[in-house]
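Below: one structure, written as structure tokens.
Note that the structure is predicted; figures quoted are calculated from it, not measured.
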Number of protein chains: 2
Amino acid sequence: MENIYTDLKILLTDYLTTQKLRKTDERYAILEQICLFPSHFDICMLYDRLKETNFRVSKATLYNTLDILIAADLIVKHQFTAKSIQYELKAMAETHSHLICSMCGAVREIRDSSLKRDIKNMKISRFTPMFHTLYIYGMCSKCKYKLQKNNKGNTKQ
Amino acid sequence: MENIYTDLKILLTDYLTTQKLRKTDERYAILEQICLFPSHFDICMLYDRLKETNFRVSKATLYNTLDILIAADLIVKHQFTAKSIQYELKAMAETHSHLICSMCGAVREIRDSSLKRDIKNMKISRFTPMFHTLYIYGMCSKCKYKLQKNNKGNTKQ
DNA sequence: ATGTATGCAAACCATTTGCAATGAC
DNA sequence: GTCATTGCAAATGGTTTGCATACAT
């Protein structure tokens with residue numbers, strides 16, 4: 001599982017080299033921590049995680065580094081909700097779509113290989129697709145259950 | 001074209017009535033202006049538009065009202081980019097997906113009825129889908145052209 | 001030695017909140 | 001008359017920026 005970092009480390013080094021950017025400890029430490037997240041994460045989660053493991057990195061550096069990782073095509077940015085941006089390893093994001101509960105904000109992933117294929121095969125003029133996100137908004141079973149329970153009280157609507 | 005407002009006005013009235021919310025002039029004026037936008041809009045655009053037409057409405061009321069319109073299922077929220085949220089009439093959003101240029105941020109719409117159907121037919125356990133968004137990120141032809149032109153200078157990479 | 005990267009703190013800005021005044025019911 | 005709604009201004013909080021210091025090259 002951790003060996004995804006082994007691969008991405010090489011890609012990062014390649015990118016930093018061709019772009020003439022510096023190979024700092026912070027950049028590798030950040031990528032390493034990102035590889036340990038099971039899926040999405042936000043800046044705060046990453047910040048806290050780094051603080052309690054290797055070494056603390058400033059927020060400014062985090063934002064800067066995440067932009068580099070996006071440019072290097074290693075991670076992607078999600079905006080499921082207005083509050084706080086979420087990130088994810090691109091390699092992981094490619095394998096699933098997202099179910100987002102409009103009530104509680106919970107995000108779940110689902111595999112949908114056939115749909116992915118259809119999207120990839122779409123013919124689009126004057127546009128070169130690189131990456132896509134499919135967000136399906138709705139209600140998770142927990143919230144639906146809560147809602148039904150609440151509605152039992154007012155049967156006359 | 002404007003008669004979409006005629007329809008939505010009725011739906012809004014229904015919603016406000018069942019939810020025991022007040023039918024204020026502001027709420028109808030806001031919905032009316034929204035119906036005049038050809039597609040996406042943000043709070044600022046709506047605020048300016050209202051100021052130069054009917055009457056000025058405060059930002060606080062705008063945010064409040066948009067939340068009601070979302071709850072009433074008349075509009076949807078988009079987060080194409082981190083900066084500023086965009087909104088769109090739900091009836092319009094259902095007809096297309098979005099192409100977003102990662103370089104210049106331009107958003108274009110494309111119709112994709114077969115894909116929409118596939119997504120609707122997906123079987124998802126423990127989740128009730130209400131609405132979905134497909135964002136395809138990539139490069140628009142203008143930016144691609146610019147990039148190619150720039151790269152001609154440095155052939156040695 | 002040079003100039004990029006980092007950390008800190010201040011700035012920014014869209015959105016939210018608190019509260020007094022207004023107006024729908 | 002009551003209480004939801006509005007407008008205003010202040011607060012919030014995630015993200016960005018400016019600048020002095022640190023360090024990769």
Distance only, no hydrogens: is a donor on one side chain within 3.5 Å (strictly under) of an acceptor on the other, for B:Tyr47 and B:Ser58?
-> no
Would you say the side-chain atoms of B:Tyr137 and A:Thr133 include a donor-acceptor pair closer than 3.5 Å?
-> no
Between [X] ([atom1]) and [N] ([atom2]), how many Å, whole number?
X       : N      : atom1 : atom2 : value
B:Phe55 : D:dG7  : CZ    : P     : 8 Å
B:Gln19 : D:dA4  : CD    : P     : 14 Å
B:Tyr28 : D:dT6  : OH    : C1'   : 17 Å
B:Leu46 : C:dA14 : CG    : P     : 15 Å
A:Leu62 : D:dG14 : CG    : C1'   : 13 Å
B:Tyr47 : C:dT16 : OH    : P     : 16 Å

Short side-chain N/O contact to [N] OP1/OP2 from [X], under 4.0 Å:
X       : N     : value
B:Asn64 : D:dT5 : no
A:Thr61 : C:dG7 : yes
A:Arg27 : C:dA5 : yes

Note the angle between the end axes of the helix from C:dA1-D:dT25 to C:dC25-D:dG1, five pairs defining each, rounded to 10 degrees.
->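 One end axis against the other gives 30°.
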Can you say whether the rings of [X] and [Y] are parallel (under 30°), tilted (30 to 60°) or perpendicular (over 60°)?
X       : Y       : value
B:His78 : B:His98 : perpendicular
A:His96 : A:His40 : perpendicular
A:Phe41 : A:Phe37 : parallel

Is A:Phe131 reachable from B:Leu115 through a run of hydrophobic residues whose side-chain heavy atoms are each under 4.5 Å from the next?
-> no
Single-linkage hydrophobic cluster A:Met122~B:Val107, side-chain heavy atoms < 4.5 angstrom |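 No; B:Val107 is not reachable from A:Met122 via cluster members.
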Counting heavy atoms from C-beta on, name the nucleotide in C:dT6, C:dG7, D:dT5 closest to the side chain of A:Thr65.
-> C:dT6
Nearest-neighbour nucleotide for the B:Ile43 side chain, D:dT15, C:dT15, D:dT6 considered | C:dT15
What is the distance from atom CE of A:Met130 to atom CG of A:Asp73, rounded to the nearest 0.5 Å?
->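 Reported to 0.5 Å precision, the distance equals 6.0 Å.
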Heavy-atom protein contacts under 4.0 Å, nucleotides 16-21 of chain D, coded B base, S sugar-phosphate only, - none = BB----
Per-nt protein contacts along nucleotides 20-25 of chain C (heavy atom under 4.0 Å; B base, S backbone sugar-phosphate only, - none) come out as ---BBS
Atom NZ of A:Lys116: over 12 foreign heavy atoms under 6.0 Å | yes
Can you tell me if NZ on A:Lys9 sees more than 12 non-hydrogen neighbours from other groups inside 6.0 Å?
->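 Result for NZ/A:Lys9: open.
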Among B:Leu74, B:Leu31, B:Leu69, B:Leu16, the one residue meeting side-chain contact (heavy atoms from CB on, under 4.5 Å) with B:Leu11 |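 Considering B:Leu74, B:Leu31, B:Leu69, B:Leu16, a side-chain contact (heavy atoms from CB on, under 4.5 Å) with B:Leu11 is found only for B:Leu74.
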